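Report on the structure given below.
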Protein chains: 2
Amino acid sequence: MRMSELSRETEVPVPTVKYYIREGLLPSGSPTGPNQAEYGQDHVRRLRLIRVLREVGGLGIAQVRKVLEAIDAEELSLHEVLGRAHHALAPSEEPSEPSPELARVKEKVDRFIEDLGWRVSADAPARWTLAEALLALERMWGVEGAETFLPYARVADRVAASELASRPPNGSRAGMVEWMVVGTVVYEAVLTALRRLAQEHHSARRFA
Amino acid sequence: MRMSELSRETEVPVPTVKYYIREGLLPSGSPTGPNQAEYGQDHVRRLRLIRVLREVGGLGIAQVRKVLEAIDAEELSLHEVLGRAHHALAPSEEPSEPSPELARVKEKVDRFIEDLGWRVSADAPARWTLAEALLALERMWGVEGAETFLPYARVADRVAASELASRPPNGSRAGMVEWMVVGTVVYEAVLTALRRLAQEHHSARRFA
DNA sequence: CACTAGAGATAGTGCTACTATCCAGTCCGA
DNA sequence: TCGGACTGGATAGTAGCACTATCTCTAGTG
């Protein structure tokens, strides 16, 4: 398969494919001459994966690269791959110098997670996301304490438990890794979209 | 309060405040002279709201403006405000010319929503989000049909029902509207973050 | 053997969210 | 009352991102 066919198959413009290769998201084809190369089904799949992460997951190129690197790291356990993917997906890394206010609510969040009995790494970026959300809620509505999160935590726990129990159609390690990572991203979008639809449904029943 | 004080209070740089005023996100202060103006608590609150939508919700300036316009539209019912906010939040509007493939899965999604008994508007952007997600799942793993979404739909339904039943600390219409819209955005981030933590927890138990 | 197509390198584009500079006017302490 | 810091408003500049266009040289094709 030549590049133009790869492009047609995946509906990605040729210059964009070249760009992805330059950026290291996509391996170059196997050369068949000084200026010809051959692409295969692996390229199609990888390209589709990139587009899903970009368009459904809304990730930036740098994030996509990190996710792909995690997927490709054969020496990592599934748990480690998922952890790396989570780091890559996070909107907020640990701030270099968090404000005292933020540090304060972060402690509340940490204690909350502790109380749930969840064993998660101390540097999980989601902790900071929660802290920022809680700080905003405190400042604007005087919401006190992370207990507001409890119903969401229960729901998240149930969802995650059933997700981790599910298996991909293709049971190889590579297939499993892809399934886990893309599942995180795609079903996140699904859950968000469904929550909005459900909100509209209940809002109609209540206010309209 | 002068602009520099507003800036200090909210930790938003002065040029950025000016920018928000230019862009119509923030009303200008009441002038006390040819080049002096006075800002009040309303400005502080609105500015914080803008930052929450930007930083926790990850919205762009144009999206923030639409959300604020919905909040300010006194003549709309709560249900209408929420609908407008959802439109503003959506990553994907209806494509001008959807591919036949996408249109096909969109029909599956519509039927799925119908079967749930949810009454949501036919042009809800979340329908397209779901269609794109389903198309990606089909193409990469041969997932067939929107029934994959069922567990998520049940969870979303429960979450939304309890959310719509909750009341803000401040019960005025303006307070209620802010609460609903910001709640949509902030608790979405919360739910996402908690799902990731829960995934890590279960992944550790299973794979590590 | 003209001509389309391909690969790779380099440079340019359009958009977004700020950020910097400038200016005339104002405030305020010595 | 005067000088320096500060103000609001206008205009221009910047950095980052995700492509997109162009150029050059080479390969295959009717």
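Letters A, B, ... mirror the listed sequences (proteins, then strands); counts begin at 1. All values derive from a computational prediction rather than experimental measurement. Worth knowing before you read on, the calculation uses all heavy atoms, side chains too, and leaves out hydrogens, waters and symmetry mates.
Between the side chains of A:Gln199 and B:His86, at least one donor-acceptor pair of N or O atoms lies under 3.5 Å. Side chains of B:Asp157 and A:His201: no donor on one and acceptor on the other come within 3.5 Å.
Side-chain to base pairing of B:Arg54 with C:dT16: no donor and acceptor N or O lie closer than 3.5 Å to each other.
Salt bridge annotation for B:Arg45-B:Glu178: present, with a cationic side-chain nitrogen under 4.0 angstrom from a carboxylate oxygen.
Positionally, the nearest nucleotide of DNA chain C for A:Met1 lies more toward the 5' end than for the other of B:Tyr20 and A:Met1.
Backbone-only engagement by B:Ser4 is indicated by non-hydrogen atom pairs under 4.0 Å involving sugar-phosphate atoms exclusively.
Per the geometry, CZ belonging to A:Arg22 stands 12 Å off C1' belonging to C:dG12, to the nearest Å. In this structure, the CE atom of B:Met3 is 13 Å from the C1' atom of D:dA10, given to the nearest Å. Rounded to an integer number of Å, the gap from B:Glu23 CD to D:dA10 C1' is 14 Å. Rounded to whole Å, atom C1' of C:dA5 lies 14 Å from atom CD of A:Glu38. When rounded to the nearest whole Å, the span between CD1 of B:Ile50 and P of C:dC18 equals 10 Å. In this structure, B:Ile21 places its CD1 atom 12 Å from C1' of D:dT7, rounding to the nearest Å.
Residues from residues 55-71 of chain A with heavy atoms under 4.0 angstrom of DNA chain D, sorted by number: A:Gly60, A:Ile61. Residues from residues 7-19 of chain A that place a heavy atom under 4.0 Å from any atom of DNA chain C, listed by number: A:Lys18.
Legend: residues meeting ring-ring contact (aromatic ring centres under 6.0 Å, His included) with A:Tyr19, ordered by chain and number and at least two apart, are absent. Residues meeting the side-chain contact (heavy atoms from CB on, under 4.5 Å) test with A:Ala73, sequence neighbours left out: A:Glu75, A:Leu76.
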Protein N or O to nucleotides 24-27 of chain C N or O, pairs below 3.5 Å:
{"from": "C:dG25", "atom 1": "N3", "to": "B:Asn35", "atom 2": "ND2", "distance (Å)": "3.1"}

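Residue B:Tyr39 places its side chain closer to D:dG8 than to any other of C:dG8, D:dG8, C:dC18.
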Subject >> Check against side chain to side chain donor-acceptor pair (under 3.5 Å), B:Glu80 and B:Ser77 >> reply: CA-CA 5 Å; B:Glu80 287 166 324; B:Ser77 71; 3.3 Å; yes
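In this structure, the side chains of A:Ile113 and A:Phe149 stay at 4.5 Å or more apart for every pair of heavy atoms.
Taking OH of B:Tyr152 as the reference point, atom CD of A:Glu163 lies at 3.0 Å (rounded to 0.5 Å).
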Show me the donor-acceptor pairs, under 3.5 Å and distance only, between side chains in residues 25-41 of chain A and residues at least two apart or in other chains.
{"from": "A:Ser30", "atom 1": "OG", "to": "A:Glu38", "atom 2": "O", "distance (Å)": "3.4"}
{"from": "A:Glu38", "atom 1": "OE2", "to": "A:Met1", "atom 2": "N", "distance (Å)": "2.2"}

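With hydrogens and angles ignored, the 3.5 Å screen pairs no side-chain donor or acceptor of B:Arg127 with any backbone N or O of A:Ala193. The backbone N or O of B:Leu6 sits less than 3.5 Å from a side-chain atom of B:Thr10, completing a donor-acceptor pair.
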